[in-house]
*Asks:* 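Take this structure first; my questions come after.
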Amino acid sequence: MKNEHKTICTAWLALIMTFTLTLADVSAKRHTPIDQLADSIVRLTVSRAADSVGLAREFNAQLYIKGQVNVRKKNVFYHQIPGMFHVSRHGSRKFFIETINQVHFTSPDIYDQRTEAVLGTANSFFEGDGRLSDFFHITPYHHMLLQDKLISPLSPKGDKYYSYTLDSVFHVGGIQHYKVRFQPHVLSYQLVEGYFIISNGAWSVRELYFEGRNEMLRFKNKVSMGWIGSPTEMLPESYDLQVFFHLMGNRIDAAYTARMTYQDIRHETPHLTLNELRRQEDNKYDLSRYYSLGSDDSAPVRDYQYFDKHRPIPLTIEELDLYTDYISTQLVGQRDSSGIRKQKTAHFWSNVGEALVSRSRFFVKDVGNFRLSPLFNPQLVGYSHRNGISYKMDLRFTRRMVGDKVLEITPRLGFNFKHREFYWLVRGHFDYWPEKRASWVFELGNGDKVYNNEVVSDLEAATGEKVNLEEVNLEYFNHTYIKLSHNWEIFNGFSLDLGLNLHRRAATGNSNPQYNRTYR
């Protein structure tokens, strides 16, 4: 028995020693000279970016994007998913679209992108709630990628989240380059994996590749930077993006290529003179360059000849075939009246399905912008045991006028199926003097039915028990109200706010006339 116990203890001791040696070996591998060299390369690159040498403070550029969308699989749930890619042509699974955009960038990470021209066999790009435009607004040296979604592997504290490994060393144009791979310490939607290629001596990125995923899709993005010594050395020049969407049995793959053509670049100046510092101090309250107009009423150009003239990269044979197939289908449809009817019917039901799950936006010239909530929105459908099912719908109207005046009206309609009651509410906001923050605010609607609380108090005092409202036949009153207020900042820091509330309550049934109308 003692020999067996001794054998078991010896086996456990050997296992513990083996595990300890394994941990020591793993720790040693994490701190090999190759990894130390990779860490040094990353630190030099981060230090170069911290000096603000070559970084852009502001620029204007033309962004050309072309992409193919392949709907590999779809089922009955396809049109029920909010934000799903809109399939406009019956039977087609491949789509192509290209756009030309004007981009204005202001440091640190403010982008204003306006669509100038659109053309293709689809109505819009497939985003899949992934905010496609963010993938083309990459600055590798900033702390975050995709605005505030991903932590950059070149952030100053990136070693807290990533480990770096030197993959290879090669020469291009007589300059030595390092390919450094990075991997996250833990799995997270905010962390990515991939590599970057860094030039020796310049310590700037020539290429960045990262891949990751979020709640909706997987993505792979390769960003090519400018060459050493050029104005775009630390700016992206091209993007190659792949997106893979798989949800509820539906599968969509998309591939995009983008090119940036810079027109005006203002670089950071890390060593400012005293006069320049004072000049910046005088203008520190001027934030106008950080903001853009909320809407652009100009319609984008849709012309083949325009794209042939301004397209920075030629189309591939497959992209030309998609265009050719689309044009021939349109011509056949124009000659075939039955084909036109089928296309219109399919387009109609497609629009109906889109309106059920997505918000609708449209602009009326000389009137303003309208936004209608989805016909089926779980956030606007309510249920309670006492009141049953209720349904609501929102509409928003916005009109921008001369002098930055803004009028916004938001009606809300609702219906309760159990009580068969109709609810409505209208909110409005009119900024008529933006310089003084002067505005009118109003709200008009019908509230919940109310009852006389004094009757309930008397009943509870007489019985000594809590009154069950469902067992008491109380007299309810319809409630309609108006709220009106005016705001005015007379001078900086001193505001004058005035308001008026008007309520009207009328009995729902036959009762004493003196109780039919009460005001407060």
Side-chain angles (χ1 to χ4, degrees), residues 79-86 88 114-115 123-124 127 129 131 292-300 347-384 387-434 437-449 478-487 499-504:
H79 293 287
Q80 311 305 323
I81 302 175
M84 182 55 68
F85 180 68
H86 182 60
S88 57
R114 299 175 182 274
T115 302
N123 296 329
S124 60
E127 299 197 28
D129 292 338
R131 292 173 63 182
S292 60
L293 292 176
S295 61
D296 185 5
D297 299 341
S298 59
H347 186 68
F348 169 77
W349 287 112
S350 179
N351 289 338
V352 171
E354 188 74 14
L356 286 174
V357 296
S358 302
R359 291 185 301 184
S360 302
R361 299 173 181 267
F362 54 94
F363 172 75
V364 179
K365 189 176 181 181
D366 298 331
V367 177
N369 292 283
F370 294 86
R371 190 186 74 180
L372 180 65
S373 64
L375 297 179
F376 177 74
N377 187 350
Q379 295 180 348
L380 296 180
V381 178
Y383 172 79
S384 67
N387 296 320
I389 300 175
S390 61
Y391 174 81
K392 300 175 183 178
M393 178 178 290
D394 286 339
L395 174 67
R396 175 175 293 180
F397 166 75
T398 305
R399 177 178 174 83
R400 299 181 181 274
M401 293 167 273
V402 179
D404 294 333
K405 299 177 183 178
V406 179
L407 172 63
E408 184 175 280
I409 301 176
T410 308
R412 167 173 286 191
L413 305 177
F415 184 77
N416 184 277
F417 292 90
K418 182 176 180 179
H419 302 292
R420 296 181 181 180
E421 293 177 354
F422 179 75
Y423 298 93
W424 57 273
L425 172 67
V426 180
R427 291 190 179 99
H429 191 276
F430 179 43
D431 294 326
Y432 68 92
W433 195 1
R437 300 180 63 185
S439 61
W440 286 99
V441 180
F442 69 90
E443 182 176 325
L444 174 64
N446 65 335
D448 295 330
K449 285 183 171 62
N478 290 324
H479 178 207
T480 306
Y481 66 92
I482 299 175
K483 296 181 180 180
L484 181 65
S485 64
H486 181 269
N487 309 316
L500 174 66
N501 290 350
L502 179 63
H503 297 261
R504 178 182 182 273

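Keep in mind that this is a model prediction, so the values were computed, not measured.
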*Asks:* What are the two closest non-hydrogen atoms of N446 and F422, and how far apart are they?
*Replies:* ND2-O, 3.1 Å
*Asks:* Test P411 against every option in L395, L444, L425 by the side chain to side chain contact (heavy atoms under 4.5 Å, CB included) rule and name the one that passes.
*Replies:* L395
*Asks:* Look up atom CZ in R396 and atom CZ in F370, then write down how far apart they are to the nearest 0.5 Å.
*Replies:* 13.5 Å
*Asks:* State which residues pass side-chain hydrogen bond (donor to acceptor under 3.5 Å, both in side chains) with R412; sequence neighbours excluded, sorted by chain then number.
*Replies:* D394
*Asks:* If I take atom NZ from residue K392 and atom CG from residue L413, how far apart are they, to the nearest 0.5 angstrom?
*Replies:* 11.5 Å
*Asks:* Using 0.5 Å steps for rounding, measure from the OH atom of Y391 to the CZ atom of F415.
*Replies:* 12.5 Å
*Asks:* With sequence neighbours excluded, tell me which residues meet salt bridge (charged side-chain N to carboxylate O under 4.0 Å, His left out) with R399.
*Replies:* none
*Asks:* List the atom of H429, the atom of F442, and the distance in Å for their closest heavy-atom pair.
*Replies:* N-CE2, 4.5 Å
*Asks:* How about N369 and R371: do any of their side-chain heavy atoms sit closer than 4.5 Å?
*Replies:* no
*Asks:* Report the distance from atom CG of L407 to atom OH of Y432, rounding to the nearest 0.5 Å.
*Replies:* 14.0 Å
*Asks:* Fit a plane to each ring of Y481 and H479, take the angle between them on a 0 to 90° scale, and name the class: parallel (under 30°), tilted (30 to 60°) or perpendicular (over 60°).
*Replies:* tilted
*Asks:* Report the distance from atom CG of N501 to atom NZ of K483, rounding to the nearest 0.5 Å.
*Replies:* 6.0 Å
*Asks:* List the residues meeting side-chain hydrogen bond (donor to acceptor under 3.5 Å, both in side chains) with N416, not counting sequence neighbours, and say none if there are none.
*Replies:* none
*Asks:* As an exercise, state the distance from CH2 of W433 to OG of S439, rounded to the nearest 0.5 Å.
*Replies:* 12.5 Å
